[in-house]
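I have placed the structure first, in the form of structure tokens, so that the comments after it can refer back to it.
For this chain, numbers begin at 1 and follow the sequence in order. These numbers come from the heavy atoms of this one structure, side chains and all, not from hydrogens, waters or symmetry mates.
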Amino acid sequence: MALINKIRERSGIAVAVIAIALILFIVGGDLFYGSGGRGGLFGGNSNKIGEIAGTSIDAQAFQAKLDVARANYEQQAGRALQEQEVQQLRNQVWEQMIFDIAYKEEFEKLGLKVTPDELREMIQGTKNLSPMIKQQFTDPQTGQYDRNRHIEFINAAAGNQLPAPQKMAWDQIKESAIQQRLLEKYNALLSTSTFVTTAEAKKEYEGQVTKADAKYLYVPYFSVNDTTIKVTDSQLSDYLSKHKAEYQGYDSRSFDYVVYQVAPTKEDSAALYDDIKSFAKGLAAATDPQAYASANSEVRVPYERPASQLSNDLKAALATAIPGAVIGPFKEGNVYSIHRFEGTTTDTTFTTRASHILIRSDKNAPDSVKALARKQAQDILDQVKQGADFETLARTNSQDGSAQQGGDLGFFTKGTMVKPFNDAVFGMSGAGLVPNLVETEFGYHIIKVTEPKSNIKYKVASISRELQASESTRNAIYQKAEGLRSSVDSDKEFEEAVKKDGKLVMLKADRVFPDAASFNTIQNAREVVLWAFNDDTKVGSVSNRVFEVGDNFIVAAVRAKSDKDNPKVDDFRDALTAKVRNEVKGEQILKKLGGASGTLEQIAEKYGAGAIIEAANEISFATGILTTPGVDPIAVGKIFSLAAGKRSKPFVGENGVFIVETTSITNAPAIADYSQYKAQVLQRSGGFGASYLANQAIRDNAKIKDNRAKFF
């Protein structure tokens, strides 16, 4: 059954790849941002996780599907899933439900299906074998498909010889292959049904080839100071109501929060130090120091270690220590360590440490280039010999990634480096500068051995303990956080309380989306986000508990929210303000231009500061870009709408107010073959574009409501 085991090992990977491929094909905005509709959750059905094409999705039903998928995945992977992987699996299960409910119905209407004969060929045939199935029986090392192994497995599956987990995985792979085939048929149908007319191709051709020359007066919006324009909420509301299609609502929460960081106190440090000293006594008296250290250390390290694996403090102490001596304690970061030295042994391999300065010179470079590189390297070597600082020269001259570390390459064993470098370093009897340049395939090296070669291993029994906040310290910090939380009833009171405490800092998380797992620098904070989006959490609410996120306690208060189904001005205030301000500027500029007459230069002079006169030569309708205004389709469209020699009235464009004069139009010459332009239009509107639009239409028609973020 070796083959079955092989399938077991690889089927989980395949299922993940298949799922990702399906998601990429049918992906829409709902996958990343969710529909977020209120649905039944806000209507009183607290167990409704969403809705797809009128079908209510029960949270328990969704969880049951997720549990099956998770159990199968973990069976294949041989380990428990991490939280990020669980989240990905939730998305896969949700997308599968969208496919089952919304897509299958569409496929049935179109008559798309996979027949039994077609499925047989997909699963075990030779002419039209599914790539997903073929992948299962392809050696990842050689890339060769093994037909015999494939048939052996098919026979085992047909004879019910597969264990339940493998059978489940195999059924999933087959189902995914069927889905992929249906999607391929659907995509092919859409691609072949997309047609570009000759009239469309001709319009594309003329838009690219017809050229215009123009002269224009331009008064940019930025010429009017923003501070002179007052925008009211009423104006913003009016603009939003007239442009709803441009501003799609979204679900989010904004909240203020305070972080109480859990950090060890002086008392915790003193307690750990006392523990380490007691372990030192035990280690000194232990008949089996290695076993004693292993039983009491929180950090596992090898008993026999080369110098490269020892801290500087420990190496210095070992230089004069005798076997049986207890050394330490030493502190590295938050870790305290005590050691018992048990003597030395020798390794078969030598280790050393070195730094270098590399002046690159390709081995195939001309002799003149090599000579220049060698001269530069020799000059640096001479400076080092005269007392210049090696690390400084490495940082300023070395053409290797180690330059940032002053040329330090760390510890390495004999045979690790290229031969000339290796021979030079391990040929040294001690530490110091290698007296001559060393040439390798990479160029010229100036080398300094910083730790002499050694094959000595130190037998050291080590006990290491990490300094952490004690339970009493955590409790004390928690009580401070709880004291703040319980003393306030609203976001305003919360803000005032934080201001009164000089040790606290109020932080802000703005526009956090429902599926967020973090905000600002706070990671793995899903619990806080779930609270913020809970139905009972209103704007102004203070968290109903203190959140423990890693080594932090967090108290939060919701400051604002946005609703997908009810967009408000505050959701887009900055963008709306810019738009309304420009509208007001446009009206002011138009009024100031008045009944413009005379030449453009005369009109500009009359207008005053801010008016610009420019020319546009040989611009096309398709890709017209003006000098100062840049991309302004309204202005370009106006240029091509005028006959040669005609001038427009003042009008508002995208970036300012214009008066344009079209000086000449060079029409595109007639051609007989528009196939090139048909292909361009098809590429833009057909193929994947048509598939994406059709898939988006299916999703829009399904009216997907995704409330998963309120449950997970």
Side-chain angles (χ1 to χ4, degrees), residues 36 38 42 227 230-234 236-237 249-267 469-564 566-577 709-710:
R38 289 180 176 268
F42 290 87
T227 58
K230 302 301 180 184
V231 177
T232 66
D233 280 358
S234 175
L236 297 178
S237 296
Y250 57 90
D251 287 328
S252 76
R253 297 292 183 271
S254 297
F255 48 86
D256 299 328
Y257 63 99
V258 170
V259 177
Y260 289 83
Q261 188 171 14
V262 180
T265 62
K266 292 180 180 179
E267 291 75 16
S470 65
E471 193 64 29
S472 61
T473 297
R474 295 186 71 88
N475 288 339
I477 297 173
Y478 172 82
Q479 289 303 324
K480 289 182 180 179
E482 175 60 22
L484 170 65
R485 188 202 67 79
S486 61
S487 68
V488 296
D489 294 319
S490 68
D491 59 333
K492 300 299 183 185
E493 292 181 8
F494 181 51
E495 183 178 1
E496 289 300 319
V498 172
K499 285 180 180 178
K500 291 177 182 178
D501 190 331
K503 296 180 180 180
L504 296 179
V505 177
M506 180 74 81
L507 302 171
K508 295 182 180 296
D510 292 318
R511 296 182 181 179
V512 177
F513 291 108
D515 57 354
S518 62
F519 49 87
N520 297 339
T521 60
I522 307 298
Q523 302 296 316
N524 302 316
R526 186 71 190 137
E527 189 179 4
V528 183
V529 178
L530 284 171
W531 163 78
F533 280 90
N534 188 280
D535 295 347
D536 295 330
T537 303
K538 310 301 181 184
V539 172
S541 296
V542 178
S543 54
N544 55 7
R545 60 193 181 281
V546 174
F547 299 104
E548 185 173 359
V549 182
D551 285 332
N552 297 313
F553 290 118
I554 294 176
V555 180
V558 174
R559 172 171 26 91
K561 75 172 186 176
S562 65
D563 186 343
K564 175 179 172 58
N566 186 26
K568 297 182 177 63
V569 166
D570 281 339
D571 301 344
F572 314 98
R573 180 170 291 276
D574 290 343
L576 291 173
T577 299
K710 295 182 180 292

Under 3.5 Å, side chain of [X] to main-chain N/O of [Y], donor-acceptor pair present?
| X | Y | value |
| --- | --- | --- |
| S254 | R511 | yes |
| R526 | A516 | yes |
| T537 | A532 | no |
| Y250 | F513 | no |

Verdict with supporting geometry, L484 and D501, side chain to side chain contact (heavy atoms under 4.5 Å, CB included): CA-CA 10 Å; L484 170 65; D501 190 331; over 6 Å; no
Checking K492 against E496 for the salt bridge (Lys or Arg N to Asp or Glu O under 4.0 Å) test, could you report, in this order, the C-alpha distance in whole Å, the side-chain angles of both residues, the deciding distance, and whether it holds? CA-CA 6 Å; K492 300 299 183 185; E496 289 300 319; over 6 Å; no
Per ring-ring contact (aromatic ring centres under 6.0 Å, His included), F255 is matched among F494, F547, F519, F533 by F519
Please report the interatomic distance [atom1]([X]) to [atom2]([Y]), rounded to the nearest 0.5 Å.
| X | Y | atom1 | atom2 | result |
| --- | --- | --- | --- | --- |
| N566 | K561 | CG | NZ | 9.0 Å |
| R485 | Y478 | CZ | OH | 7.0 Å |
| D536 | N534 | CG | CG | 5.0 Å |
| L507 | T521 | CG | OG1 | 7.5 Å |

Which pair of heavy atoms, one from [X] and one from [Y], lies closest together, and at what distance?
| X | Y | answer |
| --- | --- | --- |
| V542 | D489 | CG2-C, 4.0 Å |
| I477 | Q261 | CD1-O, 3.8 Å |
| S562 | D571 | CB-OD1, 3.1 Å |
| K564 | D251 | N-OD1, 2.8 Å |
| V488 | A497 | CG1-CB, 3.9 Å |
| V569 | S237 | CG2-OG, 3.5 Å |

CG/D574: more than 12 non-hydrogen atoms of other groups inside 6.0 Å: no
Between S470 and S472, a side-chain donor and acceptor under 3.5 Å: yes
For [X], what residues pass the salt bridge (charged side-chain N to carboxylate O under 4.0 Å, His left out) criterion, not counting sequence neighbours?
| X | value |
| --- | --- |
| D491 | none |
| E548 | R474 |
| R559 | D256, D510 |

Stepwise salt bridge (Lys or Arg N to Asp or Glu O under 4.0 Å) check, R573 with D570: CA-CA 5 Å; R573 180 170 291 276; D570 281 339; 2.7 Å; yes
Residues Y257, N520; criterion side chain to side chain contact (heavy atoms under 4.5 Å, CB included); working and verdict: CA-CA 11 Å; Y257 63 99; N520 297 339; 2.9 Å; yes
Test item: F553 and K480 side chains (from C-beta on) under 4.5 Å apart, heavy atoms: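 No, their side chains stay 4.5 Å or more apart.
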